[in-house]
Amino acid sequence: MSNINPSDGSSKKIAAGICAILLGGLGIHKFILGYTTEGLIMLLVTILTCGFGGVIMGVVGLVEGIIYLTKTDEEFLNAYIVEKKGWF
């Protein structure tokens, strides 16, 4: 954890949270956090279902965005940067 700058976690928290709320169905917030597999899953579900799965992924993104933005910087850093918690 000593190599991680806490200000990087804070900036990623805000960017990921806002993108999750606004673009949740596309999984952009997952790519911001470096979770390529989870981001591709969300993007492909939205694209391959012609947008119908995007509604579900949008709800997932909305919930994750709210969770990201309500965590303290330290909690966010530990959960999503250090421990690499992929979902919720």
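This chain uses plain numbering: 1 for the first residue, then up along the sequence.
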Distance col, row K30:NZ vs Y35:OH, nearest 0.5 angstrom, shows 7.0 Å
Within the supplied structure, the quantity of interest is the number of heavy atoms (other residues, nucleotides, ligands) at a distance under 6.0 Å from I56 CD1; does it exceed 12? no
Requested in this report: Please answer: with hydrophobic residues joined when any side-chain heavy atoms are less than 4.5 Å apart, are Y80 and M42 in the same cluster?
Outcome: yes
With side chains defined as the heavy atoms from C-beta onward, is the minimum distance between K12 and I81 less than 4.5 Å? yes
Is any side-chain heavy atom of Y68 closer than 4.5 Å to one of I18?
no
Between T46 and G54 the two heavy atoms that sit nearest each other are OG1-CA, 3.5 Å
Distance col, row T36:OG1 vs L43:CG, nearest 0.5 angstrom, shows 11.5 Å
Handout entry: Connected via hydrophobic side-chain network under 4.5 Å: I66 and F88
Key = no
To the nearest 0.5 Å, atom CD1 of I47 lies from atom CE of M57 at 12.5 Å
Minimal heavy-atom distance between E75 and K71, with the atoms involved, is OE1-CA, 3.6 Å
Closest heavy-atom pair, E38 versus G86, reported as atoms and distance to 0.1 Å, is OE2-CA, 3.7 Å
One should read off an interatomic distance between F31 CZ and L40 CG, to the nearest 0.5 angstrom, of 4.5 Å
Nearest heavy-atom contact between C19 and I28 is SG-CG2, 4.2 Å
- State, with a plain yes or no, whether a side-chain heavy atom of L77 is found less than 4.5 Å away from one of D73. no
Apart from F52 itself, members of its ILVMFWY cluster (side-chain separation under 4.5 Å) are none
Between the CD1 atom in I21 and the CD atom in E64, the distance rounded to the nearest 0.5 Å is 11.0 Å
Output for pair (L23 CG, L62 CG), nearest 0.5 Å, gives 12.0 Å
Less than 4.5 Å apart, any side-chain heavy atom of F76 and any of T70?
no
Are V63 and V45 linked, directly or through other ILVMFWY residues, by side chains that come within less than 4.5 angstrom of each other? yes
